[in-house]
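Quick note: residue numbers are just sequence positions, from 1. Both backbone and side-chain heavy atoms feed into the values below; hydrogens, waters and symmetry mates do not.
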Amino acid sequence: SDLRQMLATKSVENIQFLPFLTTDVNNLSWLGYGCLKQDWTLITVNTIGAALQTLYILAYLYYSPAKRPVLLRSLLLLAVLATGYGYFTLLIADTRTRLARLGLFCSVFTISMYLSPLADLAKIVRTKSTRCLSFPLTITTFLASTSWTLYGLQLHDPYITV
């Protein structure tokens with residue numbers, strides 16, 4: 001819906017950039033976990049997710065009147081990813097240890113993404129209005145989270161389950 005709004009209004013007004021960026025980091029982190037684990041479900045879903053989030057970031061950049069902050073945040077994202085890649089591939093030689101640490105990182109990052117909308121929840125309770133709540137996003141997030149939890153339980157993978 002955010003992309004549709006950007007395309008229709010040719011503006012990024014009332015659209016936050018941070019969720020696109022954090023979701024892209026999340027997708028790329030889980031993609032790395034999937035590659036290390038050789039889990040084609042994780043690889044496929046997160047490759048598509050990262051591609052879509054990158055598309056959203058590019059659309060946001062295109063329609064944003066202040067391109068410099070968007071570019072700086074995106075470059076910061078790339079620096080974080082490069083640092084993480086270096087840490088997980090160069091400094092941790094043992095594959096099992098790397099998988100455990102990367103899984104923990106992915107889980108913590110995903111939990112922090114789910115906690116970030118709590119400010120919106122507080123606003124909803126305070127104002128007694130759901131204007132700032134995207135109901136379709138809430139439902140799809142719930143369904144996606146439930147699906148990943150069930151998938152993680154099936155694989156006996158605590159990181160995916162969380």
Side-chain angles (χ1 to χ4, degrees), residues 1-92 98-124 131-145 147-148 151 159-160 162:
S1 62
D2 285 341
L3 181 60
R4 195 173 338 141
Q5 182 180 342
M6 279 188 277
L7 295 174
T9 63
K10 299 189 182 342
S11 167
V12 295
E13 190 176 332
N14 298 323
I15 297 175
Q16 295 179 4
F17 179 67
L18 191 59
F20 296 135
L21 206 56
T22 57
T23 304
D24 208 18
V25 170
N26 194 44
N27 286 131
L28 292 169
S29 299
W30 281 111
L31 176 60
Y33 183 80
C35 288
L36 190 60
K37 195 171 178 166
Q38 298 181 343
D39 182 327
W40 285 100
T41 300
L42 283 172
I43 292 169
T44 303
V45 168
N46 287 291
T47 297
I48 293 168
L52 288 172
Q53 291 303 322
T54 300
L55 173 68
Y56 300 151
I57 289 169
L58 291 173
Y60 191 97
L61 178 63
Y62 182 77
Y63 291 116
S64 177
K67 297 192 183 329
R68 184 177 171 89
V70 175
L71 281 172
L72 289 175
R73 289 180 186 147
S74 299
L75 288 173
L76 180 63
L77 163 76
L78 290 174
V80 167
L81 288 173
T83 303
Y85 179 80
Y87 171 75
F88 287 114
T89 58
L90 302 174
L91 297 178
I92 304 174
R98 187 181 321 152
L99 191 62
R101 290 192 184 164
L102 182 55
L104 181 62
F105 171 81
C106 290
S107 294
V108 168
F109 196 84
T110 300
I111 290 167
S112 69
M113 273 184 38
Y114 285 128
L115 289 176
S116 64
L118 284 179
D120 289 339
L121 183 60
K123 185 177 180 183
I124 290 167
R131 236 184 226 171
C132 66
L133 177 69
S134 169
F135 190 69
L137 180 61
T138 302
I139 293 299
T140 55
T141 301
F142 172 74
L143 294 173
S145 300
S147 299
W148 283 115
Y151 183 68
Y159 303 113
I160 297 172
V162 168

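Between the side chain of S112 and the main chain of F109, a donor-acceptor pair closer than 3.5 Å is present. Judged purely by atom type and a 3.5 angstrom limit, S107 uses its side chain to pair as donor or acceptor with the backbone of Y159.
Counting all heavy atoms, side chain and backbone alike, K67 lies closest to L61 at NZ-O, 2.9 Å. Across S74 and I57, no two heavy atoms sit closer than the pair OG-CG2, 3.9 Å. The two residues L81 and V25 have their closest heavy-atom pair at CD2-CG1, 4.4 Å. Summarising the geometry of N26 relative to M113, their closest heavy-atom pair is CB-SD, 3.4 Å, with the distance given to 0.1 Å. Listed here is the closest heavy atom pair of Q53 and N27: CG-OD1, 3.5 Å.
For the residue pair W30 and T110, a side-chain donor N or O sits within less than 3.5 Å of a side-chain acceptor on the partner.
Residues I139 and L143 meet the side-chain proximity criterion, which asks for heavy atoms closer than 4.5 Å. At least one side-chain heavy atom of T41 sits less than 4.5 Å from a side-chain heavy atom of W148. L31 is listed as a side-chain neighbour of I43, based on a closest heavy-atom distance under 4.5 Å. A 4.5 Å side-chain heavy-atom check between D39 and Y151 finds at least one atom pair inside the cut-off.
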*Working for side-chain contact (heavy atoms from CB on, under 4.5 Å), residues Y33 and I160*: CA-CA 10 Å; Y33 183 80; I160 297 172; 4.1 Å; yes

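By the side-chain hydrogen bond (donor to acceptor under 3.5 Å, both in side chains) test, T54 is found to be paired with D24, residues two or more places apart in sequence or in another chain being considered. Every residue two or more places apart in sequence or in another chain that forms a side-chain hydrogen bond (donor to acceptor under 3.5 Å, both in side chains) with Y87 is listed here: R101.
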